[in-house]
Peer 1: 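Once you've had a glance at the structure underneath, I'll fire off some questions.
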Amino acid sequence: HVQLVESGGGSVQAGGSLKLSCKASGVRLGTNSKGWWRQRPGKEREAVAAIDIQDATYYGDSVKGRFTLSQDIAKHTLYLQMDNLKPEDTAMYYCAHDYGAYDSQAVVLGLSPQFTYWGQGTQVTVS
């Protein structure tokens, strides 16, 4: 059973940076699709960034050029480096994994099935 634990959230001023981490446990042979989502106050959850089995990454338009997704396979950890943060980035951030092999662009555009495994979220507040 895959368990995901996010960390690294916090409060930061506009223009600042944060790096989120998502540690996975209980993974068998590695999950094929991974990503970060966020839910802003009063908004639906949206995909922020994803990485697929070919290590291709894709980003939502609102974060392109500011956020960078990376992973450390050996540590079973997914990261999201967030730079030049804006107040509109304030949200609860979630990581998710799935054993399905989905194209990262399809994931971010909402064209893939919903991922199976989700973390509990970490809050990011930008003022």
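Residue numbers start at 1 and run along the sequence shown. When reading the values below, keep in mind they use all heavy atoms of this one structure, side chains included, and skip hydrogens, waters and symmetry mates.
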Peer 1: Considering all heavy atoms of both residues, which atom of Ser104 and which atom of Ala56 are nearest to each other, and what is their separation?
Peer 2: OG-O, 3.1 Å
Peer 1: Check whether Thr90 reaches the backbone of Val126 with its side chain - one donor and one acceptor, N or O, closer than 3.5 Å.
Peer 2: yes
Peer 1: Going only through I, L, V, M, F, W and Y residues with side-chain contacts under 4.5 Å, is there a path from Val63 to Tyr94?
Peer 2: no
Peer 1: Compare every heavy atom of Tyr102 with every heavy atom of Ser33, then report the nearest pair and how far apart it is.
Peer 2: OG-N, 2.9 Å
Peer 1: Is Met82 reachable from Val12 through a run of hydrophobic residues whose side-chain heavy atoms are each under 4.5 Å from the next?
Peer 2: yes
Peer 1: Would you say the side chain of His97 lies within less than 4.5 Å of the side chain of His76, judging by non-hydrogen atoms?
Peer 2: no
Peer 1: Among pairs that include at least one residue of residues 39-68, which meet ring pair (Phe, Tyr, Trp, His ring centres under 6.0 Å), considering only residues two or more places apart or in two chains?
Peer 2: none
Peer 1: Give me each pair satisfying disulfide (SG to SG under 2.5 Å) with a member in residues 71-127, each pair once, sequence neighbours excluded.
Peer 2: Cys22-Cys95
Peer 1: Hey, quick one: are Tyr117 and Val27 part of the same hydrophobic cluster, counting side-chain heavy atoms closer than 4.5 Å, chains of contacts allowed?
Peer 2: yes
Peer 1: Minimum heavy-atom separation for Leu18 to Val124, with atom names?
Peer 2: CD1-CG1, 3.9 Å
Peer 1: How many angstroms lie between CD in Gln13 and CG in Leu85, if you round to the nearest 0.5 Å?
Peer 2: 11.5 Å
Peer 1: Treat each ILVMFWY residue as a node, draw an edge where side-chain heavy atoms are under 4.5 Å apart, and state whether Ile53 and Val2 are in one component.
Peer 2: no
Peer 1: Can I get a per-line list of side-chain donor-acceptor pairs under 3.5 Å for residues 36-43, giving both atom names and the distance, sequence neighbours left out?
Peer 2:
{"unit_1": "Trp36", "atom_1": "NE1", "unit_2": "Tyr79", "atom_2": "O", "d": "3.3"}
{"unit_1": "Arg38", "atom_1": "NE", "unit_2": "Glu46", "atom_2": "OE2", "d": "2.7"}
{"unit_1": "Arg38", "atom_1": "NH1", "unit_2": "Asp89", "atom_2": "OD1", "d": "2.9"}
{"unit_1": "Arg38", "atom_1": "NH1", "unit_2": "Tyr93", "atom_2": "OH", "d": "3.0"}
{"unit_1": "Arg38", "atom_1": "NH2", "unit_2": "Glu46", "atom_2": "OE2", "d": "3.4"}
{"unit_1": "Arg38", "atom_1": "NH2", "unit_2": "Ser62", "atom_2": "OG", "d": "3.2"}
{"unit_1": "Gln39", "atom_1": "NE2", "unit_2": "Lys43", "atom_2": "O", "d": "3.2"}
{"unit_1": "Arg40", "atom_1": "NE", "unit_2": "Glu46", "atom_2": "OE2", "d": "3.1"}
{"unit_1": "Arg40", "atom_1": "NH1", "unit_2": "Glu88", "atom_2": "O", "d": "3.2"}
{"unit_1": "Arg40", "atom_1": "NH2", "unit_2": "Glu46", "atom_2": "OE2", "d": "3.0"}

Peer 1: Rounded to the nearest 0.5 Å, what separates atom CG in Asn32 from atom CG in Asp52?
Peer 2: 9.5 Å
Peer 1: Heavy-atom distance under 4.5 Å between the side chains of Leu4 and Leu78, does that happen here?
Peer 2: no
Peer 1: Check whether any side-chain heavy atom of Gln3 sits under 4.5 Å from a side-chain heavy atom of Val5, and report yes or no.
Peer 2: no
Peer 1: May I have the step-by-step check of side chain to side chain contact (heavy atoms under 4.5 Å, CB included) for Gln71 and Asp55, ending in yes or no?
Peer 2: CA-CA 9 Å; Gln71 63 179 338; Asp55 286 338; 3.3 Å; yes
Peer 1: Any chance you could measure Gln105, atom CD, to Leu111, atom CG, to the nearest 0.5 Å?
Peer 2: 8.0 Å
Peer 1: Salt bridge (Lys or Arg N to Asp or Glu O under 4.0 Å): which pairs involve residues 71-86, sequence neighbours left out?
Peer 2: none
Peer 1: Which heavy atom of Ser17 sits nearest to which heavy atom of Gln81, and what is that distance?
Peer 2: CB-NE2, 3.9 Å
Peer 1: Among the clusters formed by ILVMFWY side chains lying less than 4.5 Å apart, do Val108 and Ile51 turn up in the same one?
Peer 2: no
Peer 1: Could you pull out all residues at least two apart from Thr77 that satisfy side-chain hydrogen bond (donor to acceptor under 3.5 Å, both in side chains)?
Peer 2: none
Peer 1: Does anything in residues 2-24 pair up under salt bridge (Lys or Arg N to Asp or Glu O under 4.0 Å), and if so which pairs, sequence neighbours excluded?
Peer 2: none
